[in-house]
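Structure, as structure tokens:
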Amino acid sequence: MKIAFKILGLGLAVLITIGVVALVIINAQDIPSYEVEEVEFQRSNKPEAIARGQKLTQMLCANCHMDRATGKLTGQRMKDAPAEFGEIHAPNITQDKTYGIGEWTDGEIVRLLRTGIKRDGQYAPPYMAKLPLMADEDIDAIISFLRSDHRMVIAESKPDTPTKPSLLTKVLSRLAFKPFPMPDQAIPMPDTTNTLELGKYLAHNLECFSCHSADFKTNDYLNPPMSPGYFAGGNQPLDLEGRVKLTSNLTPDKETGIGSWTLEQFTKAVKYGLKDGEPTLSYPMLPYTQLTDYEVGAIYDYLMTIPPISNKVERSIYD
Ligand code: HEC
Ligand code: HEC
């Protein structure tokens with residue numbers, strides 16, 4: 001018996017030592033890199049594409065990449081990134097050749113947005129957004145805007161502050177987070193005359209589902225309706241003070257979701273953050289003023305068709 005315990009104890013000691021050594025090695029290394037596949041992409045630069053790209057960039061990229069003091073995409077510290085991921089800075093993505101993305105090809109930007117693999121092959125962890133389901137035409141719109149002469153994106157030589165990913169981010173980037181595959185066929189735009197199709201597209205691609213489902217960690221980014229607690233809220237993004245801000249249940253459940261909301265109430269909440277008799281919605285729920293009433297209506301129509309889930313979420317209100 002005693003010998004058996006000794007062997008067991010020794011085995012455990014060996015395992016723990018191996019574990020500690022593995023962590024020390026991972027910590028000394030960087031986030032993993034992947035082989036880079038060439039992506040061919042020719043942006044259109046059409047004026048309609050640039051205008052749509054501006055809307056999409058404001059809704060999907062500015063929150064992280066825009067310096068609020070100057071209104072330019074020169075990057076900033078992400079105050080709402082959970083501290084356990086490290087100290088995260090969204091970099092300069094203006095056209096500056098040294099500090100921005102002036103030297104990146106369009107194909108390199110597409111690869112990053114689709115898969116999460118950067119120009120040099122390194123993986124960008126989940127604190128950088130990915131767009132695996134977005135229509136090619138909308139990807140073109142974003143890139144055409146990033147290359148336009150709009151003041152948000154013209155070259156601005158502001159140096160980046162390097163991100164310091166934590167050991168946890170490094171471990172997860174080896175074990176759990178993986179790049180998405182490059183889509184193997186064209187992704188068409190939804191039929192915009194069909195509000196359910198358009199609403200589903202927007203609810204997924206504007207990341208509504210990502211914040212409003214149970215947990216970022218369990219979301220299915222390639223097939224959003226398979227995410228646990230799809231649109232039932234309770235996810236825990238942080239505000240700019242680092243406090244948890246629970247997300248609301250947007251399923252059509254009448255008691256705990258938005259099943260009894262009118263389109264007008266929904267539109268006011270989404271576009272302006274306004275709720276009757278309650279404080280204004282606040283960060284990270286930003287007003288989607290760029291959306292047309294038709295687009296918000298399409299999201300509403302779609303949400304009314306998804307399975308209702310009873311999940312009561314109390315608003316996190318701080319003052
Ligand atoms: C939630 C915050 C967040 C959002 C939203 C976001 N990004 Fe990022 N982005 C980051 C962070 C953080 C990095 C740095 C990642 C790294 O180095 O691993 C990054 C990196 C990048 C890079 C690489 C730049 C470089 O010099 O390495 C590009 C290009 C980029 N983002 C473009 C975009 C575009 C376009 C959008 C909108 C479609 C977007 N990002 C949305 C946070 C974000
Ligand atoms: C970055 C995370 C995030 C994203 C992305 C996001 N939301 Fe929210 N949303 C929240 C949070 C957090 C709240 C609660 C805000 C509060 O209590 O002040 C909220 C509240 C709401 C509410 C109010 C519901 C209620 O019961 O009070 C609606 C409606 C809503 N969001 C719709 C949307 C739609 C539509 C989209 C996509 C276009 C979206 N949200 C994208 C985080 C997000």
Side-chain angles (χ1 to χ4, degrees), residues 30-31 53 56-66 73 75-78 80-81 85-86 88-94 96 98-104 108-113 116-120 122-131 134 138-139 142-143 145-146 153 160 162-163 165 169 173 199 202-212 216 231 233 235-239 244-250 256-258 261 265-271 273-275 278-288 290-291 295-296 298-300 302-303 313-318:
D30 226 327
I31 305 271
L56 290 168
T57 304
Q58 275 162 342
M59 290 189 284
L60 286 169
C61 323
N63 182 30
C64 295
H65 286 281
M66 193 171 83
L73 297 181
Q76 57 154 348
R77 166 102 191 256
M78 285 175 58
D80 55 337
F85 287 125
I88 317 299
H89 296 264
N92 183 339
I93 58 165
T94 68
D96 189 77
T98 312
Y99 302 112
I101 54 171
E103 296 284 8
W104 289 47
E108 285 166 343
I109 303 177
V110 172
R111 187 180 55 229
L112 172 65
L113 294 179
I117 298 175
K118 293 188 280 188
R119 188 174 189 224
D120 59 4
Q122 197 183 43
Y123 172 66
Y127 41 69
M128 158 59 193
K130 280 122 215 164
L131 309 171
M134 185 169 271
D138 276 346
I139 295 278
I142 291 175
I143 294 177
F145 174 69
L146 293 176
V153 293
D160 287 325
T163 279
T169 303
S173 296
L202 294 172
H204 293 166
N205 284 287
L206 296 180
E207 307 283 352
C208 317
F209 93 94
S210 162
C211 280
H212 282 277
F216 293 114
F231 270 114
N235 194 359
Q236 310 190 356
L238 304 182
D239 68 9
V244 166
K245 191 88 192 203
L246 291 176
T247 67
S248 332
N249 182 341
L250 301 184
T256 64
I258 59 163
W261 284 40
Q265 284 174 311
F266 184 78
T267 307
K268 264 171 48 184
V270 174
K271 285 183 73 169
L274 297 174
K275 281 189 79 177
E278 276 189 43
T280 309
L281 301 173
S282 60
Y283 195 94
M285 177 64 199
L286 298 169
Y288 286 85
Q290 297 86 357
L291 291 177
E295 288 169 322
V296 179
I299 299 175
Y300 176 85
Y302 172 66
L303 291 175
V313 184
E314 289 293 344
R315 279 186 71 183
S316 320
I317 295 179
Y318 308 95

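Every number for a ligand or one of its atoms is a count from 1 in the order of the listing.
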Element-labelled atoms of ligand 2 that are located less than 4.0 Å from some non-hydrogen atom of Lys245: 12 (C), 16 (C), 17 (O), 18 (O)
Does Glu314 CD have over 12 foreign heavy atoms under 6.0 Å away? no
Looking at atom 8 (Fe) of ligand 2, is there an N, O or S atom belonging to Cys208 that lies under 2.8 Å away from it? no
Residues in salt bridge (charged side-chain N to carboxylate O under 4.0 Å, His left out) contact with Lys271, at least two apart in sequence or another chain: Asp293
Which atoms of ligand 2 are found less than 4.0 Å from any heavy atom of Lys275? 25 (C), 26 (O), 27 (O)
Is it true that Thr256 and Asn249 share a donor-acceptor pair across their side chains at a distance under 3.5 Å? yes
When you measure from the side chain of Tyr300 to the backbone N and O of Trp261, does any donor-acceptor pair fall under 3.5 Å? yes
Please check this pair: side chain of His65 against backbone of Pro91, looking for a donor-acceptor N/O pair closer than 3.5 Å. yes
Confirm or rule out an N/O/S atom of Met285, from backbone or side chain, lying less than 2.8 Å from atom 8 (Fe) of ligand 2. yes
Closer than 3.5 angstrom, by distance alone: can the side chain of Thr280 be matched with the main-chain N or O of Leu274 as a donor-acceptor pair? no
In this structure, are over 12 heavy atoms from other groups packed under 6.0 Å from Tyr283 atom OH? yes
Between Thr280 and ligand 2, does any nitrogen or oxygen pair lie at a separation below 3.5 Å? no
In terms of side-chain heavy atoms, does Thr94 have a donor or acceptor partner in Asn92 at a distance below 3.5 Å? yes
Do any nitrogen or oxygen atoms of Thr247 come within less than 3.5 Å of a nitrogen or oxygen of ligand 2? no
Using non-hydrogen atoms of the residue, decide whether Tyr283 is closer than 4.0 angstrom to ligand 2. no
Please confirm whether the backbone N or O of Met78 pairs with a side-chain atom of His89, one donor and one acceptor, at under 3.5 Å? no
Trp261 to ligand 2: N or O pair under 3.5 Å? no
Tabulated below should be the N or O atoms of ligand 1 paired with protein N or O atoms at under 3.5 Å; can you produce that?
unit_1	atom_1	unit_2	atom_2	d
ligand 1	7 (N)	His65	NE2	2.8
ligand 1	9 (N)	His65	NE2	2.8
ligand 1	17 (O)	Lys118	NZ	2.6
ligand 1	18 (O)	Lys118	NZ	3.0
ligand 1	31 (N)	His65	NE2	2.9
ligand 1	40 (N)	His65	NE2	2.9

